[in-house]
2 protein chains.
Amino acid sequence: MTAAAPDLSFPRPLCSVDVAIFAAVDDRLQLLLVKRAETPGEPFPGQWALPGGFVDIDRDRDLEATARRKLAEKTGVRSPYLEQLGSWGDSRRDPRGWSATHAYFALIPAEGVTLSPGANAVDVGWFAVTGDGVKPKLAFDHGRIVAAAVQRLRGKVEYTSLPVHLLPAEFTLGELQRVYEIVLGRCLDKSAFRTRVLAADVIAPTGQWRGGANRPAQLYRAKDRDIVYFPRPFEPRKARASKTAR
Amino acid sequence: MTAAAPDLSFPRPLCSVDVAIFAAVDDRLQLLLVKRAETPGEPFPGQWALPGGFVDIDRDRDLEATARRKLAEKTGVRSPYLEQLGSWGDSRRDPRGWSATHAYFALIPAEGVTLSPGANAVDVGWFAVTGDGVKPKLAFDHGRIVAAAVQRLRGKVEYTSLPVHLLPAEFTLGELQRVYEIVLGRCLDKSAFRTRVLAADVIAPTGQWRGGANRPAQLYRAKDRDIVYFPRPFEPRKARASKTAR
DNA sequence: ACAATAGTGTCTATTAGACATTATCGA
DNA sequence: TCGATAATGTCTAATAGACACTATTGT
């Protein structure tokens, strides 16, 4: 005889995944957004939103797979830095009913990425991050999700090696410092920066050099794909009394 | 005329919330677990698990509400420190089908908490955290969720004021230091600890004193309910060469 | 007086930022 | 030689930990 299986027919929330994809494009921190189709009945038609969609329980083995699928659809990138950001679920964020979304955030190198809208979207584009968000008003509650993503990114950049994932495989220390400055929105001291990063043992010289109209720079490569934590955050000191007062 | 609403009838994952509830009980960091009922058809009958359950879209206005409901059911505590931990979703974690759970972690003062199994559970209890987890093998993938919760807690304790939430409203600096040591599993220097905590401006003296068989201690109260970040983590130095060599 | 814990003071190694200096390339 | 950027060195303020010392209660 078969035991009576408990009832699972109660209503379930909708279950989706959204991804906040960041890159350093044109010397600015930018976020990838997609424009929603104008299909009748679709919520927020024509509005910009994070790339995302419902979990497909036949195709996606887990939540991260859904996130990777969305990322690959829009950017073609297959091995980004991908981190879970959090989840947002309530009765009102989606007019179609109680819904919960699992948000991820990704960092990708801007170089060599070609955007494509994919299905469900009519347009894709990079949007400069200003303050805690982005210019256009976003669909759903994506505004607050983006704010959380930006805060998490900025916060972690203060004390981790995260920004290496915004660069291609090989890069110079100068370029690395530049991405840090782009994300943080402030300048860093070169000497202190180099000491920190090299002491953290996150990057290794490739032995190659990048030449230009100046002294060539050592090329480096990220050591681990993982994130490394600095012992302390960047802490700008008060400006010292300048000797050359002017 | 009505626009054709898009089809929402595709299968949805199950959606649940689980809560890792920590307290400092008997001078040890402990985790609250519930024993699952032996109801036929229920997965993992009789096994220990995190308190949790399906989102009830009629009762719960959002995910956090589900977490609070579970917490109150088991402990009666209504205003804990509650933080989202992450989400886990895949096709195999629940034998009943593709399921995603939203995990939270909570810190509560051990004092004055009375446990009750509530519905769906036949027993509740505190389990000492050892290493990254807890003795019994847990239901579902709760083992890895607990590991993530413990790591997050330990990590944050290094550089935040989190442990105040493991204490009752009023406490002495000695007691606060003790909870830090319980969670971190190592001793801290009294002087350094006091300087740090007081400089962080997270607690305020109440004006009251706690007496005993020794010099009375100033009572403090947490200033904000929120978490405060220390400028740097606790960093134990190498032991200095002892003058009294023996 | 003594045990026990609270609370303070001093010393020092370490560090990271500020800033100056040197190095190395192309034009 | 010059401009530009890379790489390194020096100085110093700040700090956190180690550890000793003092303070205040009950017994």
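So you know, we letter chains A, B, ... as the sequences are listed, proteins then strands, and number each from 1.
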Item to complete: List the steps, then state whether ring pair (Phe, Tyr, Trp, His ring centres under 6.0 Å) holds for Tyr180(B) with Phe193(B).
Response: CA-CA 10 Å; Tyr180(B) 270 87; Phe193(B) 181 81; 5.1 Å; yes
Which nucleotide in the set [options] lies at the smallest distance from any side-chain heavy atom of [X]?
X	options	value
Arg215(A)	dA16(C), dG17(D), dA7(D)	dA7(D)
Ala217(B)	dC25(C), dG7(C), dA16(C)	dG7(C)
Phe234(B)	dG17(D), dA7(D), dA16(C)	dG17(D)

Please give, in whole Å, the distance from [N] [atom2] to [X] [atom1]?
X	N	atom1	atom2	result
Asp189(B)	dT5(C)	CG	C1'	15 Å
Glu181(B)	dG17(D)	CD	P	13 Å
Phe230(B)	dT15(D)	CZ	P	15 Å
Leu188(B)	dG17(D)	CG	C1'	11 Å
Tyr180(A)	dG17(C)	OH	C1'	17 Å
Arg232(A)	dT15(D)	CZ	C1'	7 Å
Gln177(B)	dA16(D)	CD	P	15 Å
Lys190(A)	dA23(C)	NZ	C1'	11 Å

Which part of the nucleic acid, if any, lies within reach of [X] when heavy atoms closer than 4.0 Å are counted: base, sugar-phosphate only, or nothing?
X	value
Ala192(A)	base
Ala213(B)	base
Ser191(A)	base

Sorted by chain and number, sequence neighbours left out, side chain to side chain donor-acceptor pair (under 3.5 Å) with Arg93(B) holds for Ser99(B), Asp141(B)
Any donor-acceptor pair, under 3.5 Å, between the side chain of Arg194(A) and the base of dA7(D), if you only look at N and O atoms?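 Result: no qualifying N/O pair found.
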Query - Under-4.0 Å salt bridge between Lys74(B) and Asp18(B) - result: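 No.
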Margin query: Other residues, nucleotides and ligands only: do more than 12 of their heavy atoms fall within 6.0 Å of CZ on Arg178(A)?
Written below: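 It does: Arg178(A) CZ has more than 12 such atoms within range.
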The answer to which of Asn214(A) and Leu219(B) contacts DNA chain C further toward the 5' end, by nearest nucleotide, is Leu219(B)
Taking for each residue the nucleotide of DNA chain C with the nearest heavy atom, is it Tyr220(B) or Phe193(A) whose nucleotide lies nearer the 5' end?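 The residue mapped nearer the 5' terminus is Tyr220(B).
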### Query
Backbone N or O of Leu50(A) within a donor-acceptor pair of the His142(A) side chain at under 3.5 Å?
yes
